[in-house]
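Only one structure is covered here, and it is reproduced in the block below.
Proteins come first, then strands; the chains are lettered A, B, ... in the order of their sequence lines, and each starts at number 1. We use all heavy atoms of the structure for the numbers below, so side chains are in, but hydrogens, waters and symmetry mates are not.
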Protein chains: 2
Amino acid sequence: MVQYSKKIQAVPEPTIRRMPSYLAFAEGLMRKGQQFVSSTQIANYMNIDPTQVTKDLSYTKIVGKTRVGYEVKAIVEVLSDFLGFSVMDNAFLVGAGSLGSALLHDSGLNHFGLKIEAAFDINPSTIGRKINDVEVFHIDQFRDLAQELNVIMGIITVPAENAQTVADLMVAWGIKAIWNFTPARIKVPDDIIVQNTTLYSNLAIIFNKLHQEKREE
Amino acid sequence: MVQYSKKIQAVPEPTIRRMPSYLAFAEGLMRKGQQFVSSTQIANYMNIDPTQVTKDLSYTKIVGKTRVGYEVKAIVEVLSDFLGFSVMDNAFLVGAGSLGSALLHDSGLNHFGLKIEAAFDINPSTIGRKINDVEVFHIDQFRDLAQELNVIMGIITVPAENAQTVADLMVAWGIKAIWNFTPARIKVPDDIIVQNTTLYSNLAIIFNKLHQEKREE
DNA sequence: AAGTAATAGAGAAATTTTTCTTTAATAAAA
DNA sequence: TTTTATTAAAGAAAAATTTCTCTATTACTT
């Protein structure tokens with residue numbers, strides 16, 4: 001009768017997953033100068049059902065106009081706020097390898113409200129370097145800096161076998177959420193939020209669909 | 001009444017998503033020499049319900065032993081096959097920037113059945129270089145090589161605004177599946193499989209949970 | 001040898017998510 | 001001005017997914 005990752009969640013997770021795409025689409029339309037967009041258009045872009053879009057947007061305070069659609073500017077503003085993208089949150093990244101480096105180079109994270117304040121590693125050849133203006137420190141340095149800088153998120157991009165060690169460290173730092181890019185599952189106290197982002201799930205889905213296609217033909 | 005991305009899918013997608021983690025866990029246990037593993041153990045590792053594990057594994061031909069669990073070796077073998085990880089598939093990657101480079105460095109893709117045969121870009125400074133032994137070509141080169149090499153997957157790691165152009169190119173190459181790492185949604189013929197992998201969905205979920213926590217306390 | 005506890009597995013129930021249906025509004029066309 | 005078509009929105013229905021319940025099995029303990 002244990003509750004696994006309790007969901008007292010008003011907004012369905014699939015909805016949250018889709019919203020950043022709506023936002024990105026609306027931002028594109030705004031750049032093009034389009035003032036209104038209908039659920040049909042968004043749905044067509046996303047390859048989903050239009051009522052899904054309507055329902056998703058109904059969780060926010062956006063209201064559409066019959067026969068016109070939603071105001072593009074409103075979608076951008078309301079969705080950014082709703083998703084927490086309009087307030088900047090600070091993060092520390094541990095593991096300045098190729099994946100860590102890719103994240104440090106991704107300006108989209110900044111655009112969507114995440115600022116990586118510093119990176120950490122144990123590899124002497126990367127320590128001291130700056131990756132896209134973010135300095136790489138030895139992991140033992142600055143451990144107390146997290147609280148000072150109000151860093152709420154830790155990003156793990158180390159090899160899978162070190163994930164737990166890094167996670168423990170981050171918890172000790174007082175971090176509130178961990179974004180885990182390793183395939184390893186980490187154990188943390190209940191009040192710490194963990195988001196696992198693993199490529200291989202996506203790969204599995206692609207292969208599954210590919211082989212399904214083969215079965216059908 | 002249009003059917004969006006029809007699912008004549010025996011195995012639920014959430015199940016497919018979890019399976020690579022079961023596999024990785026079992027591989028770890030095998031390295032440690034553990035011979036059997038119970039659904040309870042796997043569930044504990046994954047932070048999910050044990051019956052979920054049982055149900056997921058029931059889609060494969062793995063059978064467990066009462067009071068003992070599943071044979072670790074069987075999980076590794078059956079799951080690898082089931083997920084299509086034991087046959088090597090070939091891919092081309094377009095966009096040899098930081099994210100593309102990170103993927104080229106990821107040995108996990110190789111381990112899970114994906115071989116990136118070549119990378120493409122338009123940036124003269126990367127063209128001709130080798131990233132982790134994979135050569136980077138100009139995008140106009142070797143367009144017909146895809147069929148010869150039996151490349152079935154295209155990986156898009158270019159800036160979002162170029163995603164559609166690259167996708168069109170890949171379709172022309174005769175590719176069967178596209179792994180799209182840009183936030184842009186691409187339009188392709190119905191028989192092409194598209195898997196969108198965007199970081200920002202994960203970011204949205206973390207922020208949502210963070211703000212929920214705040215609301216609760 | 002008998003009892004206990006842990007487990008797989010099947011099926012039912014509950015929950016969550018998506019899709020369908022209906023209604024009302026209104027822009028555009030006739 | 002009237003008609004038609006498109007749309008948002010709410011609620012119902014359907015579908016998908018997860019969790020619960022029960023049974024049978026069997027390793028381990030007493």
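Judged as a ring-ring contact (aromatic ring centres under 6.0 Å, His included), and not counting sequence neighbours, the contacts of B:Phe25 are B:Tyr45. Evaluation of the side chain to side chain contact (heavy atoms under 4.5 Å, CB included) rule for A:Ala160 yields A:Thr182, A:Pro183, A:Ala184 as partners, not counting sequence neighbours. Under the ring-ring contact (aromatic ring centres under 6.0 Å, His included) criterion, A:Phe112 pairs with A:Phe85, B:Tyr200, not counting sequence neighbours.
At a threshold of 4.0 angstrom between heavy atoms, the contacts of A:Thr15 with the nucleic acid are absent.
Annotation: proximity of residues 51-66 of chain A to DNA chain D (heavy atom, distance under 4.0 Å) is found for A:Thr54, A:Lys55, A:Val63, A:Gly64, A:Lys65, A:Thr66, numbered in ascending order. Within residues 67-85 of chain A, the residues having any heavy atom closer than 4.0 Å to DNA chain D are, in order of number, A:Arg67, A:Gly69, A:Tyr70.
Look at A:Ser39 and you won't find any side-chain N or O under 4.0 angstrom from OP1 or OP2 of D:dT7. For the OP1/OP2 pair of C:dT18 and a distance below 4.0 Å, the side-chain nitrogens and oxygens of A:Arg18 include at least one atom meeting the criterion.
Between B:Asp49 atom CG and C:dT16 atom C1' the separation is 15 Å, expressed in whole Å. Atom CD in A:Glu13 sits roughly 16 Å away from atom C1' in C:dT18 (whole-Å rounding). The distance between atom CE of A:Met46 and atom P of C:dT19, rounded to the nearest whole Å, is 12 Å. The CG-P distance, from B:Asn47 to D:dT18, rounds to 15 Å in whole Å. Going from atom CD1 of B:Ile42 over to atom C1' of C:dG9 covers 14 Å, rounded to whole Å. Going from atom CZ of B:Phe36 over to atom P of C:dT7 covers 13 Å, rounded to whole Å. Rounded to an integer number of Å, the gap from CD1 of A:Ile16 to C1' of C:dT16 is 15 Å.
Between A:Leu104 and A:Ile116 the shortest side-chain heavy-atom distance falls below 4.5 Å.
Of the listed residues (A:Asp56, A:Thr60, A:Thr15), just one forms a side-chain hydrogen bond (donor to acceptor under 3.5 Å, both in side chains) with A:Tyr22, and that residue is A:Asp56.
Between B:Glu27 and B:Arg31 no salt bridge is recorded (no basic side-chain N to carboxylate O distance below 4.0 Å).
For the residue pair A:Asn196/A:Asn180, the side-chain donor-acceptor check at 3.5 Å is satisfied. Side-chain contact, B:Asp49 with B:Thr51: a donor N or O sits under 3.5 Å from an acceptor N or O.
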Only pairs under 3.5 Å count here: list side-chain donor-acceptor contacts from residues 34-42 of chain B, not counting sequence neighbours, and write none if there are none.
residue, atom, partner, partner atom, Å
B:Gln34, NE2, B:Phe36, O, 2.7
B:Ser38, OG, B:Thr40, N, 3.4
B:Ser38, OG, B:Gln41, N, 3.2
B:Gln41, OE1, B:Ser38, N, 3.1

